[in-house]
Q: 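Please read through the structure below; I'll follow up with questions.
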Amino acid sequence: MNKDYMITIENLTFRYGQDQAGAAAVDHVSLDFPRGSFTAILGRNGSGKSTLAKNLNGLLLPTEGVIYVDGYDTRDDDHVWDVRQRAGMVFQNPDNQLVSAIVEDDVAFGPENLGIDPKEIRQRVDKALESVNMGKFRKKPPHLLSGGQKQRIAIAGVVAMKPECIIFDEPTAMLDPKGRQEIMAIIKELHEEGITVLLITHFMEEAAEADRIVVMHDGKILLDGTPAEVFSHEETLKAASLDIPLAVELAGKLREKGIHVPAGIISKEEMVEFLCQYR
Ligand code: ADP
Ligand code: MG
């Protein structure tokens, strides 16, 4: 186990239920996530992404293999809360994550469970709400908020636990484009502040924002590399029912026509930039 890694997954296999002969939801996966890194995990429905995520903070325990979170083995009963505090989880549906009738109580829920001093909890709640631009909603009931606002509150609740790593499991899947953009902006800020980010998504444009993309297929790792590397494997991605980002596809078609498009153009913005200065 290497201390430079926030999370180390050693040969993880996970099967649901007692059926040891059945297909594994996660099948012999080994991965390391360096401290401060930003990784996107891509894969079609049923490829094992959520199962992997839930293994990372001890919500599920490996059938085989070991996971270390900041050096703690997730199977170790004495360190369940050390693992949960370090690796926060944000899920798809914010309604399932909000438990209180008032926003600020919700954000305080996690730190209260950690047994933090009430005075410090108040400071953490203020700061966490600020970091998701929801400070002025602190006295509101969560059910009156939009989906994107609720998701921001859910993120604040995780941030208030001062995790070193946050695992986002399709956090924008239920949001409109505006809500999605706001959540992505917050995720990028958290990464810039030094938090290790794992972003599970099926939006290519979101995955392209990460420094690294891991593609899962049938419980296994299909590709692992920088966005430019991963998106260059068009055929492999298509075979895994995934598309490449529009700008990457366009770059390929332009190259076929003999136009020299530099490697590494992934986002629409980069493509527009390139086209505007093309002569
Ligand atoms: P993803 O998040 O990529 O959509 P999941 O991790 O949810 O994939 O699912 C991986 C596999 O495990 C799928 O075949 C799915 O049907 C199965 N699975 C997921 N959750 C359960 C569960 N609670 N019980 C049994 N099988 C499950
Ligand atoms: Mg899932």
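Numbering starts at 1 and runs along the sequence shown. Basis for what follows: all heavy atoms, side chains included, without hydrogens, waters or symmetry-related copies. Every value quoted in this text rests on a predicted model; they were computed, and no experiment measured them.
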Q: Between Asp105 and Val103, is there a side-chain heavy-atom distance shorter than 4.5 Å?
A: no
Q: Can a salt bridge be assigned to the pair Arg212 and Asp224 using a cut-off of 4.0 Å between side-chain N and carboxylate O?
A: yes
Q: Contact between Phe91 and Ile200 at the side-chain level, heavy atoms closer than 4.5 Å - yes or no?
A: no
Q: Aromatic ring centroids of Tyr72 and Tyr68 under 6.0 Å?
A: no
Q: By the definition side-chain contact (heavy atoms from CB on, under 4.5 Å), identify the one residue from Arg122, Glu120, Lys127 that meets it with Arg124.
A: Glu120
Q: Closer than 3.5 angstrom, by distance alone: can the side chain of Arg44 be matched with the main-chain N or O of Met216 as a donor-acceptor pair?
A: no
Q: Distance from Arg86 atom CZ to His79 atom NE2, nearest 0.5 Å?
A: 9.5 Å
Q: Can you tell me how the ring of Tyr16 sits relative to the ring of Phe14, calling it parallel under 30°, perpendicular over 60° and tilted otherwise?
A: perpendicular
Q: Which pair of heavy atoms, one from Arg152 and one from Asn133, lies closest together, and at what distance?
A: NH2-O, 3.2 Å
Q: Do other residues, nucleotides or ligands put more than 12 heavy atoms under 6.0 Å from the CD atom of Glu130?
A: no
Q: Looking at Lys54 and Asp169, is there a salt bridge between them, counting it only when a charged N and a carboxylate O are closer than 4.0 Å?
A: no
Q: Would you mind listing every ring pair (Phe, Tyr, Trp, His ring centres under 6.0 Å) that reaches into residues 106-164, with sequence neighbours excluded?
A: none
Q: Can you find a pair of side-chain heavy atoms, one from Ile67 and one from Asp73, that are under 4.5 Å apart?
A: no
Q: Just by distance, no angles: are the side chains of Glu206 and Thr172 close enough, under 3.5 Å, to form a donor-acceptor pair?
A: yes
Q: When you compare the side chain of Leu61 with that of Thr74, does any pair of heavy atoms fall below 4.5 Å?
A: yes
Q: Decide, yes or no, whether a salt bridge links Asp176 with Arg180 under the criterion of side-chain N to carboxylate O below 4.0 Å.
A: no
Q: Under a 3.5 Å distance rule, please check whether Glu270 uses its side chain to pair with a backbone N or O of Ile266 as donor and acceptor.
A: yes
Q: Determine whether Leu199 and Ile187 satisfy the following criterion, side chain to side chain contact (heavy atoms under 4.5 Å, CB included), listing intermediate values before the conclusion.
A: CA-CA 9 Å; Leu199 171 64; Ile187 291 173; 4.0 Å; yes
Q: Evaluate whether atom CD of Glu273 has more than 12 neighbouring non-hydrogen atoms of other residues, nucleotides or ligands under 6.0 angstrom away.
A: no
Q: Scan Leu223, Val248, Ile265 and name whichever one has a side-chain contact (heavy atoms from CB on, under 4.5 Å) with Phe231.
A: Val248
Q: Give me the atom names and distance for the closest heavy-atom approach of Gly264 to Ala228.
A: CA-CB, 4.3 Å
Q: So, Arg255 side chain and Val261 main chain: donor-acceptor pair closer than 3.5 Å or not?
A: yes
